[in-house]
Amino acid sequence: MPPVGVSVSSNTEMQKFLAEKTVTPSPGQNPRTTPGSAKVSAASMAWTNAEPDTLMERVLAPANLKRAYQQVVRNRGAPGADGMTVADLAGYVKQYWPILKARLLAGEYHPQAVRAVEIPKPQGGTRQLGIPSVVDRLIQQALLQQLVPIFDPLFSDYSYGFRPGRSAHQAVEMARAHVAAGQRWCVELDVEKFFDRVNHDVLMACVERRVEDKQVLRLIRRYLE
């Protein structure tokens, strides 16, 4: 893990940690690995000037990763189970990105365990949240940025939650407009404990209708598990 206090706020630092280079991992500091995957060829670690051909390559493209990194830094957030802070991210990825990238492209990357925390609910009781590691938040954000253009056009025009350019305030304004137009009912729908109960096989079958990249599908499945 890199020293605490690494600065991550400048564009220069972002360019540095995205720059590809050969590294020799220190014992105990490797990214998550699988048996037999320690050797990484130099060819698999080098960016090329060619346009990315696969969805995973677009996920790992430098411009997409830069945007993802900047979003993770803006979001801040608590450390995951490994204790790494957002301030540690630039130094860690600068050292280990070639290995992480190669594992992602080879389908060998395994997300780290999430840290479970209980947060209070406005109506009483608590909700359990899982906090991923900051490295996984970077990868997840990079994935999200490439998946949103694929899936967002399929959503209902009346869906406002967790969508780019939409908010709960817009949903309220739409409800007011319906009332002003003479409608008597506005119904808000929310599926209780959806993420706790959703069938992963059914969900992945829906994703596979739009995503063909096997490496991306495998990674999404691992994040669901």
Side-chain angles (χ1 to χ4, degrees), residues 1-40 45 56 59-60 62 64-121 125-147 162 195-196 200 215-216 218-225:
M1 204 166 170
V4 176
V6 175
S7 175
V8 295
S9 60
S10 69
N11 288 335
T12 301
E13 189 68 28
M14 180 64 193
Q15 292 165 359
K16 285 180 180 179
F17 101 71
L18 283 179
E20 295 289 333
K21 66 174 185 175
T22 302
V23 299
T24 302
S26 301
Q29 292 183 315
N30 291 348
R32 288 292 294 272
T33 65
T34 56
S37 62
K39 294 183 179 179
V40 180
M45 295 191 293
M56 181 60 85
V59 168
L60 301 179
N64 189 58
L65 284 168
K66 180 175 180 178
R67 285 200 299 129
Y69 169 80
Q70 291 170 338
Q71 187 61 51
V72 170
V73 171
R74 282 194 295 269
N75 290 345
R76 300 182 182 180
D82 62 355
M84 186 187 299
T85 67
V86 171
D88 297 330
L89 180 60
Y92 182 86
V93 179
K94 178 182 175 182
Q95 184 174 4
Y96 294 113
W97 178 249
I99 297 173
L100 286 167
K101 178 195 168 189
R103 300 254 161 80
L104 286 161
L105 288 173
E108 296 174 350
Y109 180 78
H110 290 259
Q112 298 184 50
V114 299
R115 181 166 69 90
V117 296
E118 299 281 345
I119 63 170
K121 299 170 65 175
T126 61
R127 174 186 289 112
Q128 187 177 75
L129 290 182
I131 302 179
S133 70
V134 291
V135 172
D136 280 318
R137 299 207 296 261
L138 173 68
I139 297 169
Q140 289 172 357
Q141 181 64 36
L143 270 172
L144 176 69
Q145 291 167 182
Q146 293 301 314
L147 292 175
F162 304 101
F195 293 106
D196 296 332
H200 291 172
Q215 305 296 23
V216 170
R218 184 179 292 112
L219 184 59
I220 294 173
R221 168 73 76 167
R222 286 174 179 166
Y223 275 123
L224 289 172
E225 292 173 348

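If you read the sequence from its start, that first residue is 1, and numbering goes on from there.
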Rounded to the nearest 0.5 Å, what separation is found between the [atom1] atom of [X] and the [atom2] atom of [Y]?
{"X": "Gln141", "Y": "Arg74", "atom1": "CD", "atom2": "CZ", "answer": "8.5 Å"}
{"X": "Trp97", "Y": "Leu138", "atom1": "CH2", "atom2": "CG", "answer": "6.0 Å"}
{"X": "Arg218", "Y": "His110", "atom1": "CZ", "atom2": "NE2", "answer": "9.0 Å"}
{"X": "Leu65", "Y": "Ile139", "atom1": "CG", "atom2": "CD1", "answer": "9.0 Å"}
{"X": "Leu89", "Y": "Tyr69", "atom1": "CG", "atom2": "OH", "answer": "6.0 Å"}
{"X": "Gln145", "Y": "Gln140", "atom1": "CD", "atom2": "CD", "answer": "12.0 Å"}

request  = For Arg127, enumerate each residue passing the side chain to side chain contact (heavy atoms under 4.5 Å, CB included) test, keeping only those at least two apart in sequence or located in another chain.
outcome  = Ile119, Lys121, Leu129
query = side chain to side chain contact (heavy atoms under 4.5 Å, CB included) with Arg76: which residues, sequence neighbours excluded?
reply = none
key: Test side-chain contact (heavy atoms from CB on, under 4.5 Å) applied to Tyr92 and Asp82, step by step   = CA-CA 13 Å; Tyr92 182 86; Asp82 62 355; over 6 Å; no
Is the shortest side-chain heavy-atom distance between [X] and [Y] below 4.5 Å?
{"X": "Pro111", "Y": "Arg222", "answer": "yes"}
{"X": "Val59", "Y": "Leu104", "answer": "no"}
{"X": "Leu219", "Y": "Leu143", "answer": "yes"}

ask   = What are the two closest non-hydrogen atoms of Ala113 and Ala81, and how far apart are they?
value = O-CB, 3.6 Å
key: Any donor-acceptor N/O pair, Arg115 side chain to Pro79 backbone, under 3.5 Å   = yes
key: Side chain Arg137, main chain Val86, donor-acceptor under 3.5 Å   = no
task = Tell me, please, which residues at least two apart from Arg221 pass salt bridge (charged side-chain N to carboxylate O under 4.0 Å, His left out).
result = Asp201
